[in-house]
Protein chains: 6
Amino acid sequence: MVFITRKEHFNAAHRLFREDFNDAKNLEVFGKCSNPNWHGHNYDLFVTVKGELDPLTGFVINLKDLSRIINHSIIEKMDHKNINLEVDFMKGKLASTENIAVAIFHELENHINTNKVQLHCVKLYETENNFVEYYGI
Amino acid sequence: MVFITRKEHFNAAHRLFREDFNDAKNLEVFGKCSNPNWHGHNYDLFVTVKGELDPLTGFVINLKDLSRIINHSIIEKMDHKNINLEVDFMKGKLASTENIAVAIFHELENHINTNKVQLHCVKLYETENNFVEYYGI
Amino acid sequence: MVFITRKEHFNAAHRLFREDFNDAKNLEVFGKCSNPNWHGHNYDLFVTVKGELDPLTGFVINLKDLSRIINHSIIEKMDHKNINLEVDFMKGKLASTENIAVAIFHELENHINTNKVQLHCVKLYETENNFVEYYGI
Amino acid sequence: MVFITRKEHFNAAHRLFREDFNDAKNLEVFGKCSNPNWHGHNYDLFVTVKGELDPLTGFVINLKDLSRIINHSIIEKMDHKNINLEVDFMKGKLASTENIAVAIFHELENHINTNKVQLHCVKLYETENNFVEYYGI
Amino acid sequence: MVFITRKEHFNAAHRLFREDFNDAKNLEVFGKCSNPNWHGHNYDLFVTVKGELDPLTGFVINLKDLSRIINHSIIEKMDHKNINLEVDFMKGKLASTENIAVAIFHELENHINTNKVQLHCVKLYETENNFVEYYGI
Amino acid sequence: MVFITRKEHFNAAHRLFREDFNDAKNLEVFGKCSNPNWHGHNYDLFVTVKGELDPLTGFVINLKDLSRIINHSIIEKMDHKNINLEVDFMKGKLASTENIAVAIFHELENHINTNKVQLHCVKLYETENNFVEYYGI
């Protein structure tokens, strides 16, 4: 079993807030991340896939294919977008790094998993000081 | 003459667009950076100050003072903000990295320059692949 | 189960040595790290917490709280200090990266663990080429 | 149980291809990585060892010893070399990052494993966007 | 006058040697970089352009245009190539980082320079420990 | 004229203080950097040399020679040392990053400057957020 990771990148706007909270309550819980005028981040996304080595190619998965899947399913939908307003798979969810990482995992798994390889982990950096990992369990 | 640099950081939302352009024209000129729903970045800001060494302290400038000036004049106004809507010194300006760097330079110079030290350069990273430098001339 | 990590930083002096070794023996075992006049490092500390997502906030743990705990329990005690002489929870221990990471884990766990979240890992970089991970088991 | 990691580095040339494929087929499967005139990378190698702490030293393993083993067994054989043509333990294998990481693991384990410590993971970066991890199982 | 920099990347093979030296002499002068079987690097290329800000766009130069020029003139010719054998503008030149940086500068300047903007600097990293800067003078 | 830079590294202890200040005054001026029990850093040192390209080698300077000079003159004297107590060329000087960078420049220039090449700049990182540049003038 070998693990291979591909790093991709997107820049996006978001805010942390609940519609059932007023502004004061949102500020108390989410701090400056609740700014109603949005803020944003350079997100780094690490997608790890595990599997046996294909003896024909020496690959777990062809990184060109993995990169294409991530770009088609995630990056094109999130890059230079507003995560709260424009990303279909985040509709109705709080745009926390945790929720984004979980949602990306579930977007990717059907496109990656076969009887040979499996999505292992989604790791999402919001800043260089904060990141989230989700293993699907 | 010695040069000392302090790195600070802010996360913000912005968009590139002209009010006198329609959406199609903004998209043509500014690409996905013109998204009306905003996007954002983790900005890294490098402020370089030059001067003679103070023989008493061995410093060009006390980095605590420099950091305090940058935080008070720039970071508190930009961090977790919308650059187009909320930053006083960017009012009426296109929020390009170039314009932001020039504006930050002019915000800082009066707070830093004395007869001993001078603001030398503002270097602003929008992403790890793009940055702007402005020397005030 | 989601994992979230916060990076903090401290700069400190230390040396590796045993009082029951003479200088020659310390030099043989610990090399230049045994220098009696101390040396130091910029330590990067990664603290990983795991738990279920709080449906109200979308958080495993509020990073402001996590950062406050790490700063209060660790950074204020270690930053710009001598690890051998001044850090209470390192008293009587060899100041190896391994021992520091284990001690930080045990300092943090009582302040972090609840019935919902658990300290998962402390990862400590001594230099960009050396780091230690401890999972509490 | 504590985990300690040492980072080492080598620069090498390689190509991805199968002798039983013609050039067109190699290009189809391996893309530009199949260039018959070679290309190359700055490889970053992270070797993680796990074990109990030695109470005498506070170490899992003396990093000088670990670094010496990695340099003797791997770096001297791979740095500034052609992986396909010159590295004995890659003879007859496709020079994919996966195969290199697995081969490095098996080269190292006999030199590292004792009744006290065990090679835990080899992590190999081909570029900053691609890396492989192998745990020996 | 504002300076803007775009970072691009290529992976390539090369060797340092002179045809009028024998192998022993090449080894003496160029060390392991003279390996006849090639080695390679992940090269990071920083291209800095200077000019006045265009009041219509707030740009020195549209980074999409700059990136396109660099990719068309340099990256497509160098990425996953052998610098000594396959790069037209390096024919007959020693493939030192210095010579590569100078050649890239001269390849780019005609495509970038206008009466408004000017290529200022090419900075080329061969490894994270070595880089070259050339300003065209 | 081409500029080439070599990065080297040392880990050291230091403190900022004046003997003619008492502890309270040192704390007021130098903050926690005045801790009498020392603290330390991982210093990154960038040495830039400028000159014409040698047509025989394509080099400004052979990086092996440059690295050897830096290691012999600086790294062996500073790595795992106490800058205040043990570094001959810092005797009697405040151990500020500025003073260290200036002193390193003057240590190196005689070993590097010839009629062909010249030491151009010493850039010293104390942390990833603070660095000093000195050009010898």
Side-chain angles (χ1 to χ4, degrees), chain B residues 5 14-22 25-35 39 41 43-48 83-84 87 89-106 109 119-137, chain E residues 1-11 42-76 78-79 104-105 108 112 114 116-125 127-128 131 133-136:
Chain B
T5 299
H14 83 140
R15 73 176 281 218
L16 296 181
F17 77 112
R18 292 185 64 90
E19 292 197 0
D20 53 346
F21 286 178
N22 60 23
K25 180 72 177 171
N26 274 317
L27 186 63
E28 181 197 324
V29 175
F30 298 110
K32 56 191 178 182
C33 299
S34 69
N35 180 4
H39 67 284
H41 297 290
Y43 289 92
D44 280 328
L45 172 63
F46 294 77
V47 176
T48 302
I83 297 173
N84 299 67
V87 178
F89 57 79
M90 288 302 297
K91 278 280 158 60
K93 296 177 189 162
L94 263 157
S96 68
T97 316
E98 290 92 325
N99 275 339
I100 303 171
V102 170
I104 288 173
F105 189 100
H106 293 307
E109 59 183 343
L119 176 58
H120 176 67
C121 182
V122 162
K123 184 179 184 177
L124 184 64
Y125 277 78
E126 190 188 58
T127 72
E128 64 175 324
N129 295 324
N130 302 331
F131 62 85
V132 163
E133 291 158 293
Y134 181 60
Y135 296 83
I137 48 171
Chain E
M1 181 76 74
V2 178
F3 300 75
I4 189 158
T5 299
R6 175 74 188 170
K7 179 186 173 190
E8 302 284 349
H9 185 88
F10 59 93
N11 309 318
N42 301 337
Y43 289 92
D44 280 328
L45 172 64
F46 293 78
V47 176
T48 302
V49 173
K50 66 182 170 190
E52 308 271 332
L53 294 192
D54 180 335
L56 199 73
T57 59
F59 291 159
V60 172
I61 188 172
N62 192 315
L63 282 175
K64 269 193 215 70
D65 296 333
L66 180 56
S67 179
R68 192 176 32 75
I69 291 169
I70 303 170
N71 274 278
H72 180 72
S73 304
I74 308 297
I75 306 302
E76 288 172 18
M78 300 195 81
D79 189 35
I104 288 174
F105 190 100
L108 286 173
I112 288 174
T114 68
K116 288 186 175 166
V117 302
Q118 219 177 336
L119 176 58
H120 176 65
C121 182
V122 162
K123 183 179 186 176
L124 184 65
Y125 276 78
T127 73
E128 64 174 324
F131 62 83
E133 291 159 294
Y134 181 60
Y135 295 83

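Because only heavy atoms are used, hydrogens play no part in the values below, and waters and symmetry mates are left out as well, while side chains stay in. Values in this document were obtained by computation on a predicted structure and should not be read as measured data. Per chain, numbering begins at 1; letters A, B, ... match sequence-line order.
Taking CZ of B/Phe30 as the start and NZ of E/Lys64 as the end, the distance is 9.5 Å to the nearest 0.5 Å.
Shown here for E/Lys7 and B/Glu128, the closest heavy-atom pair between the two residues is CD-O, 3.8 Å.
Heavy atoms of B/Leu16 lying under 4.5 Å from chain E belong exclusively to its side chain. No part of B/Tyr125 comes within reach of chain E, as not one of its non-hydrogen atoms sits under 4.5 angstrom from that chain. Contacts of E/Ile61 with chain B are made by backbone atoms alone, with heavy-atom separations under 4.5 Å and no side-chain atom involved.
Side chain of B/Glu98 to backbone of E/Val60: a donor-acceptor contact under 3.5 angstrom is found.
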Let me see the working for B/Asn130 and E/Arg6 under side chain to side chain contact (heavy atoms under 4.5 Å, CB included), right down to the final yes or no. CA-CA 5 Å; B/Asn130 302 331; E/Arg6 175 74 188 170; 2.6 Å; yes

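Contact count against chain B (heavy-atom pairs under 4.5 Å) is highest for E/Ile4 among E/Ile4, E/Leu66, E/Thr48. Among the candidates E/Pro55, E/Gly58, E/Ser67, the residue making the largest number of heavy-atom pairs closer than 4.5 Å to chain B is E/Gly58. For the set E/Leu63, E/Asn62, E/Leu56, the count of heavy-atom pairs under 4.5 angstrom toward chain B peaks at E/Leu56.
Summarising the local packing, NE2 of B/His106 is surrounded by more than 12 heavy atoms from other residues, nucleotides or ligands at distances under 6.0 Å.
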